[in-house]
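Here is the structure we will look at.
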Amino acid sequence: MIIRKSAAEIEGMARAGALLAETLALVADHLEPGVSMLELDRIADEHLRENGATPTSKGYKGYPAALCISPNSMVVHGIPTEYRAKEGDLISLDLGVTLDGLVADSAITCPVGEISPESQRLLDVCQEALAAGIEQAQVGNRVSDISHAIQVVVEEAGFSVIRSLVGHGVGRSYHEDPQIPNYGPPGRGPQLQEGMTLAIEPMITAGAPDVYVHDDDWSISSVDESLAAHFEHTVALTADGPRILTAAGAALLR
Ligand code: MF3
Ligand code: CO
């Protein structure tokens, strides 16, 4: 069942989303060669708690940290470790924020220092794919219009969409219906309606699409060790089109 949110709930999610964006920006500011993943996690956790929010991931199905931090060929759900960032890394930061009972979800992939042109292209294409998916989040469209738009951008660039990982509804809880694959033919799945709130999140690699789960039962990496990227926004469907609730600039409006 897809839960449509009231205008008041969407405003609440926007407050969670603004704090989320501010927190990711703060963490990204500290992401320099030498910083450990555990330090980044602590910065996020403290900033959320200072602002009356909690990290949605911590304790979710036993997940132990605030952030998911996934370096290089790790795609998603990386548990923060002692690993220290080094020049040229691509580090994905994925965060859920619960504020006043409402949830927002967003991810960015950040360069550490100078990165290769191919790494930069991977980041650019993943962001373009997210923008193309969001553009399809229109009342009257269907879920797979989002999926298809993402796939086209990624594959035209010569990169791969990971098929076993999906976007999702979000808001009253972390993961709600519908699932939003990042590939597929357009025009399928539930019709999009006003008040739906969706976490749209292309997860892509520069190589093959195959992934595996590490022994920690969380971290997911590419089998061929190709670099991965992940960008995610929480979006509300309005009569005027998609409203991004986790955009960086939104923090200024708080
Ligand atoms: N934020 C992730 C998502 O995009 C969910 C992470 S679940 C966790 O859906 F437990 F690993 F944090
Ligand atoms: Co998500």
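The structure displayed is predicted, hence computed values, not measured ones. Both ligands and their constituent atoms are indexed starting at 1 by order of listing.
Restricting D105 to its N, O or S atoms, the one at the least distance from the Co ion (ligand 2) is OD2.
With T109 as reference, H230 is the one residue of H230, Q127, E232 to meet the side-chain contact (heavy atoms from CB on, under 4.5 Å) rule. None of L90, L31, N72 except one satisfies the side-chain contact (heavy atoms from CB on, under 4.5 Å) rule with V112; the exception is L31. Of the listed residues (D105, L48, V27), just one forms a side-chain contact (heavy atoms from CB on, under 4.5 Å) with L95, and that residue is L48.
Counting backbone and side-chain atoms alike, H168 contributes an N/O/S atom closer than 2.8 Å to the Co ion (ligand 2).
Contacts with ligand 1 closer than 4.0 Å are made by no heavy atom of A107, backbone or side chain. When non-hydrogen atoms are compared, ligand 1 lies under 4.0 Å from neither the backbone nor the side chain of K61. Residue-level proximity to ligand 1 for T56 is absent, since no heavy atom of it falls below 4.0 angstrom.
When only interatomic distances are considered, the shortest N/O to N/O separation between E201 and ligand 1 falls below 3.5 Å. The shortest N/O to N/O separation between E232 and ligand 1 falls below 3.5 Å. Considering backbone and side-chain N/O atoms, D105 comes within less than 3.5 Å of an N/O atom of ligand 1. Not one N or O of Y60 is nearer than 3.5 Å to an N or O of ligand 1, by distance alone. Considering backbone and side-chain atoms alike, H77 places every N or O at 3.5 Å or more from each N or O of ligand 1.
Scanning all protein heavy atoms for the shortest distance to atom 12 (F) of ligand 1 gives S57 OG, 2.7 Å. Here the protein heavy atom with the shortest distance to atom 9 (O) of ligand 1 is H175 NE2, 2.7 Å. Scanning all protein heavy atoms for the shortest distance to atom 10 (F) of ligand 1 gives Y63 CB, 3.2 Å. Among all non-hydrogen protein atoms, the one lying nearest atom 2 (C) of ligand 1 is D94 OD2, 3.2 Å.
At a 4.0 Å cut-off, at least one heavy atom of C68 sits close enough to ligand 1 to count as contact.
To the nearest 10 degrees, the Co ion (ligand 2) sees OE2 of E232 and OE2 of E201 at an angle of 90°.
Residue A21 comes nearest to A247 through the heavy atom pair CB-O, 3.6 Å, listed as atom of the first residue, atom of the second, then distance.
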Practice item. Decide side chain to side chain contact (heavy atoms under 4.5 Å, CB included) for I2 and E176; before the verdict, give the C-alpha distance in whole Å, the side-chain angles of both, and the deciding distance to 0.1 Å. Key: CA-CA 7 Å; I2 302 178; E176 301 175 351; over 6 Å; no
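In this structure, OH on Y83 lies 11.5 Å from CG on L40, to the nearest 0.5 angstrom.
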